[in-house]
Amino acid sequence: MALKYESQVRPPLVVGGKDYHQVTEDIVRPIEAQPSRLWWIGFLISVALLLFGVYSVYREVVYGTGQWNLHKTVGWGWDITNFVWWVGIGHAGTLISAILLLFRQGWRTGVNRAAEAMTIFAVMCAGQFPIWHMGRVWMAFFVLPYPNTRGPLWVNFNSPLLWDVFAISTYFTVSLLFWYTGLIPDLATVRDRAKLKWRKYMYGILSFGWTGSTKHWQRHESLALVLAGLSTPLVLSVHTVVSFDFATSVIPGWHTTIFPPYFVAGAIFSGFAMVQTLLLVTRKVLSLEEYITIEHIEVMNKVIVLTGSIVGIAYLTELFVAWYGQNPYEMWAFMENRANPFSPYGWSYWLMMSCNVLSPQIFWFRKMRRNITVTFFMSVIVNIGMWFERFVIIVTSLYRDYLPSSWATYYTPTIWEIGFYLGTFGLFFTCYFLFSKFFPVIAIAEIKHILKRSGDTYKENMDVVEKKAVDEVYEEAHAAHH
Amino acid sequence: MTTSKEFFEVPKRYKNWSYGLIGIGILALLVGYFMYGASDDIHHKSRFWATLLQNSTYFLLTTNAAMFFICATILAFGGWQMVFRRVPEAISAAVPVIGVITLVILLAIVFGGHHMTHIYHWTDHETVANDKILEGKSPFLNIPFYIIWTVLIIGLWSLLGFKVRKISLEADKPMSVEQGKKYIWKNTVWASLYIVWFALTVMSTTPWLWLMSIDAHWYSTMYSWYTFASTWVSGLALITLFVIYLKNAGYLEYTNKEHLHDLGKFMFAFSIFWAYLWFSQFMLIWYANIPEETVYFNPRIKDGAYSGVFWFNFIINFLAPFLIFMKRNSKRNYTTVTIMSLIIVFGHWLDFYQMVMASVAPDHVEMNLFDFGIALGFVGIIMLVTGRALSKYPLVSKYHPFQKESIIHHT
């Protein structure tokens, strides 16, 4: 009894008086039903975007990076901005599944599956940019360090760009494993319920012969813990290494020691915003409001205001230290190229500030955190802001270099640069639509795990424990332990 | 459970120890003053004041980290810590006391001026007038701002901490579920106020003003977060030490290995976090190799006088907790956790030592009984104040809505 207790002061995490069977029914229903018209429309739009992206990349491969508007000073533009943006988004999933598992946050069970899937798709999108930017993409395997007949010509181990290759591929692999092993029991549930032969066969293969025996569960749980332990440093490492791409240089505006933790905070910030965007739609379309409750949304909004404020402190720290350091180049980068609203890109700095630092402050208010329209709107605003953060860092530090004669007036992307970006949206949403059709978007087994502690009807029954004196609870727990 | 165990009765031995340590601190202060502070040698003078600066800021930030622990767990709706939450509360009661001492020391340093203390170059008008960079910084690095901001920093930490502790006492009376919800809300409001102020001070301005400005030309955006990480780990270790002491003395009946395990995890995790910030700051400066920045690490690495201290600092603050706390059993073993907590408190004291001393006296390391005496004096003050605070109120807030969750807590 005692172990299934949770304070009634905490709001329930599953509502609607569910039992185990109902949980399965609710979450598996969309997989077994025919996809709705809305699903088809969304899916086809995504595929169309993806195809546009494929064509844009095709142009770039055939004609070279000249298809983009990169020039003398702005050698990194939309491509790297988009890369960092997508990688950042790919942080929330593993943070939710790993770090929140270690912190024993019960609410993660409602959102972890979809967030992890989102992470994987986002990292896939991110990877496209550096790969296709290589120009001669058929030489991409040169990034792998192995004894070769090219001299041998080794990769540059001193380059943070190479560290990126290791960091992101490791992160992707572990995130995928974590997500997939979590899926196995649920896929077995889908298999066991399947009426069609091909469905049974397909989910049978996907669930690796899961039987649900105690031994299986035991190994499953230990694996989850081990992968959580491994993923935690990985989540931090990925954006840390991405920040090194900039911070190891001596470019004013890039070289600053706060970059690693500040990038990580920003990544979590944008990742949670994307989780909100996706889940607000998912819960509505698949009628999962009883599992992804307003409480879940509120908690994630708290994470957004927290990380947004951390990012805010970092922005102000950078700005302050640029002045405090009294280094004319650093001051110029910040005060003129960024903070001056009348400089060519000043608007982008202030757009970033207002989207990332100012607007999330409305989440200090409980009413705003629990307002779905506001949350949806804000989740989009945050990701616009976070895109501009990377744009500001990259372009405003580059477009005026040390030689004023080469100061390009303005950098604007070509249609193919934009097309490439839109294409990754296509890839992302195509994957997400397929995921939501074929896989349970909520972890069925994990919801069942917390149901008797955090489900609404079960919490009502906790009156008995609530009325007991503290000492009595202690005696019982003590007796049960020995 | 007998009622006598609900309140901490400060044992005579405990009292004697705390008075004894304070005595040692005062003795060290006096001897140090005549040996160093009153000396004509500028190196001696600066060494005297630097030691006071290092110790006061370190112990102030460490005790203040106890209140950060409380507010962070309130905002995260944490329940597991409730069985021992009065312990960090009591530690945070030392903030106003050490705060006043720190204030006196900081005021003495800035008012005494550069010629007396030789700590802050920017307090000297002549130096600033001949130094374009320091002149440019003077809107921030000036005595009036330093004083006003320092008074505000310490004053608001103390006031907000006092308020949070006061609210905690309301949980000594029964409350219904509805009242519990309101009570949690009230806690949340005050904890967020504290956290906001914490962000504006510990996470940014405080370390710039008190410590980074010793190297008035040098700057690093990471500096404040690094300082925060350092004192946050030592604050956790301090909490753990008091929890274990009370447990051994037969108090805190509800607290068990599960809670100890979680404290161990916290120390493990944030030691890694500290190392992460350490590495990021160091590596980025080393890699870019800009003279204005590397000047900070020159006395600390390679042939610098402080290289031994610097690397030893990394070993005891990262490698030791990383390797030892990795195992589950070591986090559940009272002896191991005690030893590790002591190492961490000492380790981050040493971190502050190199942060302050390598900047004030970069040419040589002179660590002797004076440094340890002053440190022990502060330990005595923390013991005395925390002991008193613990004895005033019940050790467990029996009616806190999350108390029962904490009792049945399993890692």
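In what follows, chains are A, B, ... by sequence order, proteins preceding strands, each numbered from 1.
- In this structure, B:Trp286 has no side-chain hydrogen bond (donor to acceptor under 3.5 Å, both in side chains) partners at least two apart in sequence or on a different chain.
- When all heavy atoms are compared, the tightest approach of A:Val9 to B:Pro401 is CG2-CB, 3.6 Å.
- Chosen from B:Lys265, B:Met283, B:Lys132, B:Glu292, the residue pairing most often with chain A at heavy-atom distances under 4.5 Å is B:Met283.
- Counting only heavy atoms from C-beta outward, the side chains of A:Pro160 and B:Tyr287 approach each other to under 4.5 Å.
- Within the 4.5 Å cutoff, the side chain of A:Met462 has no heavy atoms near those of the B:Lys404 side chain.
- If you measure heavy-atom distances from A:Asn158 to chain B, the contacts under 4.5 Å come from both the backbone and the side chain.
- Only the side chain of B:Leu141 comes within contact range of chain A, judged by heavy atoms closer than 4.5 Å.
- Closest approach of A:Val250 and B:Ala288 over heavy atoms only: CG1-O, 3.7 Å.
- In this structure, no portion of B:Ser406 lies under 4.5 Å from any heavy atom of chain A.
- The candidate from B:Tyr223, B:Tyr276, B:Phe273 with the greatest count of non-hydrogen atom pairs under 4.5 Å with chain A is B:Tyr276.
- Counting heavy atoms from C-beta on, the side chains of A:Thr317 and B:Trp208 come closer than 4.5 Å.
- Note that OG of B:Ser204 is 9.0 Å distant from CD1 of A:Ile258, once rounded to the nearest 0.5 Å.
- For the atom pair CZ of A:Phe246 and CG of B:Leu284, the computed distance is 13.0 Å after rounding to the nearest 0.5 Å.
- Remark: B:Phe77 CZ to A:Gln105 CD distance equals 11.0 Å, nearest 0.5 Å.
- Interface remark: B:Asn256 contributes no atoms to any contact with chain A (heavy atom separation under 4.5 Å).
- A:Val264 touches chain B through its side chain: at least one heavy atom from C-beta onward sits under 4.5 Å away, while N, CA, C and O do not.
- Taking the side chain as every heavy atom from C-beta outward, A:Phe259 and B:Thr221 never approach each other to under 4.5 Å.
- Scored by the side-chain hydrogen bond (donor to acceptor under 3.5 Å, both in side chains) test, B:Trp225 finds no partners at all (sequence neighbours excluded).
- Looking at A:Ala322, there are no atoms closer than 4.5 Å to chain B (heavy atoms on both sides), in backbone or side chain.
- A perpendicular orientation is assigned to the rings of B:Phe140 and A:Tyr324, their planes being inclined by more than 60° (bins at 30° and 60°).
- Residues A:Arg10 and B:Phe402 form a side-chain contact, since some pair of their non-hydrogen atoms from C-beta on lies under 4.5 Å apart.
- Here the NE2-CD1 distance, from A:His255 to B:Ile290, works out to 4.0 Å after rounding to the nearest 0.5 Å.
- Atom CH2 of B:Trp149 is surrounded by more than 12 heavy atoms from other residues, nucleotides or ligands within 6.0 Å.
- Counting non-hydrogen atoms of other residues, nucleotides and ligands closer than 6.0 Å to CZ of A:Phe365 gives a total of 12 or fewer.
- Smallest separation of non-hydrogen atoms from B:Ala199 and A:Ile313: O-CD1, 3.6 Å.
- Annotation: side chain of B:Leu75 is not in contact with side chain of A:Lys302 (no heavy-atom distance under 4.5 Å).
- The line from CD of B:Gln281 to OG1 of A:Thr256 is 10.0 Å long, rounded to the nearest 0.5 Å.
- Using non-hydrogen atoms only and a strict 4.5 Å limit, the part of residues 177-185 of chain B facing chain A consists of B:Val177, B:Gly180, B:Lys181, B:Ile184, B:Trp185.
- Heavy-atom distances place the backbone of B:Ala216, and not its side chain, under 4.5 Å from chain A.
- Rounding to the nearest 0.5 angstrom, the gap separating the CD atom in B:Glu253 from the OH atom in A:Tyr474 is 4.0 Å.
- Of the listed residues A:Leu306, A:Thr240, A:Thr232, the one with more heavy-atom pairs under 4.5 angstrom with chain B than any other is A:Thr240.
- Within 6.0 Å of atom OH in A:Tyr329, 12 or fewer heavy atoms from other residues, nucleotides or ligands are found, so the atom counts as exposed in its surroundings.
- With contacts defined as side-chain heavy-atom distances shorter than 4.5 Å, the pair A:Gln326/B:Lys137 qualifies.
- Counting only heavy atoms from C-beta outward, the side chains of A:Trp323 and B:Pro139 approach each other to under 4.5 Å.
- Between chain A and the options B:Thr205, B:Ile133, B:Val196, heavy-atom pairs under 4.5 Å are most frequent for B:Ile133.
- A search for side-chain contact (heavy atoms from CB on, under 4.5 Å) contacts involving B:Asp215 returns B:Trp218, B:Tyr296, B:Ser359, not counting sequence neighbours.
- Using a 4.5 Å cut-off between heavy atoms, B:Ile272 makes no contact with chain A at all.
- Interface remark: B:Gln403 contributes side-chain atoms only to the contact with chain A (heavy atom separation under 4.5 Å).
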